[in-house]
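As structure tokens, the structure follows; a few thoughts come after it.
Values in this document were obtained by computation on a predicted structure and should not be read as measured data. Below, chain A is the first sequence line, B the second, and so on; all start at residue 1.
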Amino acid sequence: ARSHRDHDEL
Amino acid sequence: MNIFRLAGDMTHLMSVIVLLLKIHTIKSCAGISLKTQELYALVFATRYLDIFTDFISLYNTIMKLIFLASSFSIVWYMRQHKIVRRSYDKDQDTFRHLFLILPCLLLALFINEKFTFKEVMWTFSLFLEAVAILPQLVLLQRTRNIDNLTGQYVFLLGAYRALYILNWIYRYFTEPHYVHWITWISGLVQTLLYADFFYYYFNSWKNNVKLQLPA
């Protein structure tokens with residue numbers, strides 16, 4: 001599942 | 001978090017601090033492209049839509065707030081501040097940012113990881129960030145005289161994304177399933193756009209001469 005951690009970069 | 005990403009974020013932070021210091025202390029924005037600053041404000045506004053919905057870490061949230069606040073205050077300074085705005089060279093800073101915004105928006109509608117509003121906005125912000133420096137590079141070519149702070153600002157801005165590329169390589173080899181082609185390619189394009197600037201910046205530093213870009 002796509003966690004929101006996918007966009008954990010600035 | 002790895003050393004490359006931390007170094008990249010700190011370099012990015014330094015670039016906005018250098019610019020804010022320049023504008024705030026000498027009350028001048030000579031040589032700075034307002035178009036690029038407006039594009040960066042749009043980049044952060046569309047990239048950090050999830051700042052209040054997806055909490056990742058305190059560091060992440062604080063840095064997002066800093067980048068949002070600094071980019072919008074730089075735009076405010078250059079448009080509203082009665083002294084700073086006088087040093088803005090609007091006759092030279094003529095790059096029409098719509099020519100950058102529309103293609104990035106269209107591209108983000110076709111190339112994205114998930115067709116949702118937030119994801120398309122996030123992808124749009126990646127593509128836009130890759131080209132946001134163009135009005136600034138055009139302005140530097142036109143005005144030719146690049147003062148030290150502006151040169152340092154552009155250099156740090158380019159260096160941060162180059163460090164991010166090292167971060168992506170590191171994460172690719174250390175984290176399974178960490179694959180983000182869209183991010184990687186737009187980050188690479190962004191860094192390549194600075195390549196000629198880096199070349200002239202390094203040479204001017206090596207030969208200890210004033211930074212001049214070829215006409």
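- Residue B:Y199 qualifies as open at atom OH: its count of foreign heavy atoms under 6.0 Å is 12 or below.
- The number of heavy-atom neighbours closer than 6.0 Å to OH of B:Y170, taken from other residues, nucleotides and ligands shown, is 12 or below.
- Counting non-hydrogen atoms of neighbouring residues, nucleotides and ligands closer than 6.0 angstrom, the CZ atom of B:F99 reaches no more than 12 such neighbours.
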Checklist line | side chain to side chain contact (heavy atoms under 4.5 Å, CB included) evaluation trace for B:E119 with A:H7 | finding: CA-CA 10 Å; B:E119 190 68 25; A:H7 297 337; 3.0 Å; yes
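- Only the side chain of B:Y48 comes within contact range of chain A, judged by heavy atoms closer than 4.5 Å.
- Heavy atoms closer than 4.5 Å to chain A are found in both the backbone and the side chain of B:N60.
- Residues B:K64 and A:L10 are in side-chain contact: their nearest non-hydrogen atoms beyond the backbone lie under 4.5 Å apart.
- Shown here is B:W205, whose CH2 atom has no more than 12 heavy atoms of other residues, nucleotides or ligands within 6.0 Å.
- For the pairing with A:E9, the side-chain contact (heavy atoms from CB on, under 4.5 Å) check across B:H180, B:R5, B:R47 returns one residue only, B:R5.
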